[in-house]
Number of protein chains: 2
Amino acid sequence: MSYQYNYPHPAVTTDVVLFGLIDECLKVLLVRRARPPFANHWALPGGFLDIDEDLEDCALRELEEETGVSGVYLEQLYTFGKPGRDPRERVISVAYYALVPATDIEIRAASDARAVRWFAYRDLPELAFDHVDIIHKAQQRVSSKLDYSTIALKFMPEKFTLGELQSVYECILDERLDKRNFRKRLRTYDCLTDTGEVRRNGGHRPARLYRAKSPDTVQIVK
Amino acid sequence: MSYQYNYPHPAVTTDVVLFGLIDECLKVLLVRRARPPFANHWALPGGFLDIDEDLEDCALRELEEETGVSGVYLEQLYTFGKPGRDPRERVISVAYYALVPATDIEIRAASDARAVRWFAYRDLPELAFDHVDIIHKAQQRVSSKLDYSTIALKFMPEKFTLGELQSVYECILDERLDKRNFRKRLRTYDCLTDTGEVRRNGGHRPARLYRAKSPDTVQIVK
DNA sequence: CTACTTAGTGTAAAACTTACACTTAAACAT
DNA sequence: ATGTTTAAGTGTAAGTTTTACACTAAGTAG
């Protein structure tokens, strides 16, 4: 089968920067490429757009196919399209990012990717294409969104403690926060409900467990 | 000439939302489409990406070809790609926006656009494709950037008064601002230099003329 | 020379942000 | 059982930022 056009057309792909927090450390989910170009290099999950497929659906599908991760909430990040970024042909890549509660996520190596792994954001391997730029831009976006939205809740499992949530902020912003000020701020956002439960977690007072009031929406605050 | 691919490829276009302020009113530059689809409808300037052309260069080139406007500072807005948004074929459009000092700008109707005109943002005609969505998203972006950057200076000619700059903010935010607080805020941004000149402008005290300290960069403040 | 118009300026109250320290409740060691 | 260790949980005072607000200055027009 072959498709013809009167003018040359670029290829369009989507790529997904999936962030998770594991061991108090910001991680990115990468797949190892099975084929050239950049065979055996690590890369963002992503791939070519089907001709009748919405961009976001493409991102979700490729993520699912290559990593087994599904049902995440994506936001469009930026579109990367410099000529030469893919040696095969001109490729325009619409990048998305997502935040997941890493411990909830089941990953698997799927058909067209030899392996799937979390990498520390601060210790990335050599990456295919311009994916390192995409990841840096996504990290910046997430950092700045922490400050004016409730996006951090996307990292959390269904129930979590305030200490855990604070440590999410601290990992991404890479600075320590004051516990009382942090809690005061969350109170003004009014984005949590107390489940009434507690978590017993070692030799100290148990922490209350909270749940996001609206886990499906990212609220803009300030 | 014909180009063949093993898989169907979407077309890629860029569109530009060019904002200007005329008569204390936010305007958008539109071109009237000469051919189908949407012949005679107004649309954003934009068009198909050349296969070796950078996305931003494409946006600048199309803007120049269709309106005669050149040398503006573009920022990428969002990529629109819903299937069906163009009846001819699948089209992914990377949208950009720019702000210009409207009075400085020379517009002309060029080859493949029958006419070029400023339209009030609050009184847009019926638009081709999903261009109305693109314009609204651009307006939101500009509004929110007013609050944390010096992007408003992009609307200003080389020399301008503080009253003129304030009225730019007021038009876009659609609210009145306090003159003293506005000036205090600008002082903290430290983005203006006093030219020493004044503008005599009717039956009242002349206003000092200022110039942007770094007219080529948009400074992020706060 | 009077009336009118926009330019230009400071201060006090309110709101928000920051810095900071002790008590509580569990686990663990003795 | 008792004391020690650990993280959880809580309020207040100082500092900073934001807001509200009114008069004088320097021109033009009649």
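Per chain, numbering begins at 1; letters A, B, ... match sequence-line order.
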Next item on the list: Take nucleotides 11-20 of chain C nucleotide by nucleotide from the 5' end and write B, S or -, depending on whether a protein heavy atom sits under 4.0 Å from the base, only from the sugar-phosphate, or from neither.
Entry: B------BBB

Checklist line | A/Arg141 with A/Glu75: basic N within carboxylate O range, under 4.0 Å | finding: no

Next item on the list: Output yes when at least one side-chain N/O atom of B/Arg185 is less than 4.0 Å from OP1 or OP2 of D/dT18, else no.
Entry: no

Next item on the list: To the nearest Å, give me how far apart CG (A/Leu165) and P (D/dA7) are.
Entry: 18 Å

Margin query: Between B/Lys82 and B/Asp130, does any side-chain N to carboxylate O distance fall below 4.0 Å?
Written below: no

Next item on the list: Let me know the distance between CZ of B/Arg199 and C1' of D/dA26, rounded to the nearest Å.
Entry: 17 Å

Notebook entry, point to check: For the ring pair B/Phe155 and B/Phe19, is the centre-to-centre distance below 6.0 Å?
Noted result: no

Next item on the list: May I have the distance from B/Tyr148 (atom OH) to D/dT17 (atom C1'), rounded to whole angstrom?
Entry: 21 Å

Check: Given atom CD of B/Glu197 and atom C1' of C/dA7, what is their separation to the nearest angstrom?
Finding: 17 Å

Item checked: Carboxylate-amine/guanidinium proximity below 4.0 Å for B/Glu158 and B/Arg211 -> yes

Note to self: If you apply the rule ring pair (Phe, Tyr, Trp, His ring centres under 6.0 Å), what do you find for A/His136 with A/Tyr121, and how did you get there?
What the structure shows: CA-CA 9 Å; A/His136 287 141; A/Tyr121 173 75; 5.6 Å; yes

Next item on the list: If a protein heavy atom is under 4.0 Å from the base, mark B; if only from the sugar-phosphate, S; if neither, -; do that for nucleotides 25-30 of chain C going 5' to 3'.
Entry: BBS---

Check: Do A/Tyr169 and A/Phe182 have their ring centres less than 6.0 Å from each other?
Finding: yes

Next item on the list: Search all heavy atoms of B/Arg32 against all heavy atoms of B/Asn40 and return the closest pair with its distance.
Entry: NH1-O, 3.1 Å

Item checked: Between P of D/dG9 and CG of A/Leu186, the distance in whole Å -> 12 Å

Check: Just how far is it from atom OG1 of B/Thr150 to atom CG of B/Leu186, taken to the nearest 0.5 Å?
Finding: 10.0 Å

Note to self: Rounded to whole Å, please give me the gap between CZ in A/Arg208 and C1' in C/dT24.
What the structure shows: 12 Å

Check: Any chance the rings of B/Phe80 and B/Tyr78 have centres within less than 6.0 Å?
Finding: yes

Check: How long is the line joining CZ of B/Phe182 and P of D/dA20, in whole Å?
Finding: 16 Å

Item checked: Rounded distance (Å) that lies between atom P of D/dA7 and atom CD of A/Glu164 -> 13 Å

